[in-house]
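Shown next, in structure tokens, is the structure this report addresses.
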Amino acid sequence: MWPFKRKHPEAETRTAGGGYTAQRVEARAAFLSGREGLAEITASVQSAVSWWEGGLSIADVQGTDLLTPRTLALAARALALRGEAVFLIEETGLVPAADWDLTTRHSRPTAYRLMLPEAGGGVTRTALAAEVLHFRIGADVTQPYFGTAPLRRAPLTASLLHAIEAALVEVYAEAPLGSQIVPMPESPDVANESLSRSFRGKRGRVLLRESVNVTAAGGPAPQADWRPSDLSPDLSRAMTKESLAAAREAVAMAFGILPAMLAPTTTGQLVREGQRTLATWTLQPVAVQIAQEAGEKLGGTVSVDCLRPLQAFDSGLRARSAATIIGALAEAKAAGLDPAQVNAALSLVNWGADDGAA
């Protein structure tokens, strides 16, 4: 109707299911659930995190003074529990970020909004990607700019460990461990009630009940009626010991720790082998990623070595190998071989220069 015009409904625009908004919501949910994991409060997980923290904190760092042992320890704990660690580069050193948000281009971070922890409350800072060190492990191909903690990659094992330990806590807190029920002959109800009230709920005590096995003539109860009945739950049928051990071993494997190191019968040689495995296959690759990120953002070449401080090698075998190599070189010199011939011989066992071995 004139002078009014018909108002057409505005077109509603929504994002696709796999669009940026969906990815951000999913990433945020994964970030929050990764921080508040159920198994993170267990001693098994905290022991593994402590090994990561100690192994990276004593690493040899060359090329920069910003990667201090304290900074590496913070990074190791954050990587183990959250899968990523963010530090703001300042003139005074690296400042850890408690929370952050980022923008990306070509799957690479371009800018960060950081929440820096302070004693009086957090402070928000905005920084470019070149001003931030962002360490991450376990990144997925769909979101390469976010890291994933080991427990997030094994949620079923983490949930199992938490469920078993929570059940054991409830059993030891609520179950009447060590309590027994002892039958007794008939007595006045008042006496039974007072005795039952005094003993009920006390661990290791005896509960009394009135006997129902009496003779027809009203004589005393037979001796079979005086046998006590134990109220302690039988946990062996639930296989809690085996399940708890299996969950702990699986969690240890998720952190790169050999399960045999947790066994009571572990020997020194096995501990050394487990230490080498942890340093070689878990901590050193993480250290290489930290060194690469620091080298790109700080300028220059940065190296982080965990193998030498952790003594992740067989000292006796290395000594014998060194003696063998020196002896072989001495024999080659005595035989009059030139350096090219010596290098050709060493290349056969992947010890020569430019032999193509990794």
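Note: hydrogens, waters and symmetry copies are ignored here, and every other heavy atom, side chains too, is used. All values derive from a computational prediction rather than experimental measurement.
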Any chance you could measure [X], atom [atom1], to [Y], atom [atom2], to the nearest 0.5 Å?
| X | Y | atom1 | atom2 | value |
| --- | --- | --- | --- | --- |
| Glu242 | Ser236 | CD | OG | 8.5 Å |
| Trp52 | Cys306 | CH2 | SG | 11.0 Å |
| Ile257 | Leu278 | CD1 | CG | 5.5 Å |
| Leu307 | Leu283 | CG | CG | 9.0 Å |
| Leu235 | Thr240 | CG | OG1 | 5.0 Å |

Least distance between heavy atoms, [X] atom then [Y] atom:
| X | Y | result |
| --- | --- | --- |
| Pro150 | Ala254 | CB-O, 3.6 Å |
| Glu84 | Gly147 | OE1-N, 3.4 Å |
| Ala59 | Pro309 | CA-CG, 4.0 Å |
| Ala247 | Thr157 | O-CG2, 3.8 Å |
| Arg153 | Gly138 | CZ-CA, 4.0 Å |
| Phe135 | Ala75 | CD1-CB, 4.1 Å |

Please identify which of these residues, Leu114, Val95, Thr71, Leu67, meets the side-chain contact (heavy atoms from CB on, under 4.5 Å) condition with Phe87.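 In the set Leu114, Val95, Thr71, Leu67, the residue that makes a side-chain contact (heavy atoms from CB on, under 4.5 Å) with Phe87 is Thr71.
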Which of these, Ile290, Leu72, Leu66, sits in a side-chain contact (heavy atoms from CB on, under 4.5 Å) with Val61?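 Only match with Val61 under side-chain contact (heavy atoms from CB on, under 4.5 Å): Leu72.
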So [Y] and [X], do their side chains get closer than 4.5 Å, heavy atoms only?
| X | Y | result |
| --- | --- | --- |
| Pro233 | Leu177 | yes |
| Ser44 | Leu161 | yes |
| Leu168 | Ile164 | yes |
| Ile89 | Val132 | no |
| Val286 | Leu56 | yes |
| Met115 | Val123 | no |
| Arg248 | Met253 | no |
| Leu81 | Arg77 | yes |

Show your working on side-chain contact (heavy atoms from CB on, under 4.5 Å) between Trp51 and Phe255 and close with a plain yes or no. CA-CA 9 Å; Trp51 285 0; Phe255 283 96; over 6 Å; no
With sequence neighbours excluded, tell me which residues meet salt bridge (Lys or Arg N to Asp or Glu O under 4.0 Å) with Arg108.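 Partners of Arg108 by the salt bridge (Lys or Arg N to Asp or Glu O under 4.0 Å) criterion come out as none, since no residue qualifies.
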With sequence neighbours left out, write down each residue that passes salt bridge (Lys or Arg N to Asp or Glu O under 4.0 Å) with Glu249, or none if nothing qualifies.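 Glu249 satisfies salt bridge (Lys or Arg N to Asp or Glu O under 4.0 Å) with no residue once adjacent residues are dropped.
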In sequence, state the C-alpha distance, the side-chain angles, and the governing distance for Gln269 and Arg272, and then conclude on side-chain hydrogen bond (donor to acceptor under 3.5 Å, both in side chains). CA-CA 5 Å; Gln269 182 65 28; Arg272 287 190 292 270; 2.7 Å; yes
For Gln289 and Gln284: C-alpha separation, side-chain torsions, deciding distance, then whether side-chain contact (heavy atoms from CB on, under 4.5 Å) applies. CA-CA 9 Å; Gln289 296 184 34; Gln284 186 57 34; over 6 Å; no
Side-chain polar contacts of residues 329-341 - donor-acceptor pairs under 3.5 angstrom, sequence neighbours left out - could you list them?
{"residue": "Asp338", "atom": "OD1", "partner": "Gln341", "partner atom": "N", "Å": "2.9"}
{"residue": "Gln341", "atom": "OE1", "partner": "Asp338", "partner atom": "N", "Å": "3.3"}

Over 60° means perpendicular and under 30° means parallel, so classify the ring planes of His134 and Tyr112, tilted if in between.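 Tyr112 and His134: perpendicular rings.
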Given 3.5 Å as the limit, does a donor-acceptor pair link the side chain of [X] with the main chain of [Y], or not?
| X | Y | answer |
| --- | --- | --- |
| Thr64 | Leu298 | no |
| Thr282 | Ala279 | no |
| Gln275 | Leu310 | yes |
| Thr110 | Thr103 | yes |
| Ser57 | Gly54 | yes |

Name all pairs fulfilling the salt bridge (charged side-chain N to carboxylate O under 4.0 Å, His left out) condition that reach into [range], sequence neighbours left out, sorted by first residue then second.
| range | value |
| --- | --- |
| residues 118-136 | Glu90-Arg125 |
| residues 57-75 | Asp60-Arg308 |
| residues 278-299 | Glu293-Lys297 |

Apply side-chain contact (heavy atoms from CB on, under 4.5 Å) to residues Gln62 and Val302 and explain how you reach the verdict. CA-CA 6 Å; Gln62 297 180 358; Val302 178; over 6 Å; no
If you group Ile, Leu, Val, Met, Phe, Trp and Tyr by side-chain heavy-atom gaps below 4.5 Å, do Leu88 and Tyr145 land in one group?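 Linked, Leu88 and Tyr145 end up in one cluster.
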Going hydrophobic residue to hydrophobic residue with side-chain gaps under 4.5 angstrom, can you get from Ile58 over to Val288?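 Each belongs to a different hydrophobic cluster.
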Go through the steps for Leu133 and Val86 under the test side-chain contact (heavy atoms from CB on, under 4.5 Å), then give the verdict. CA-CA 6 Å; Leu133 292 181; Val86 172; over 6 Å; no
Around Met261, counting heavy atoms of other residues, nucleotides and ligands shown, do more than 12 lie under 6.0 Å from its CE?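 Buried by this count: over 12 neighbours within 6.0 Å.
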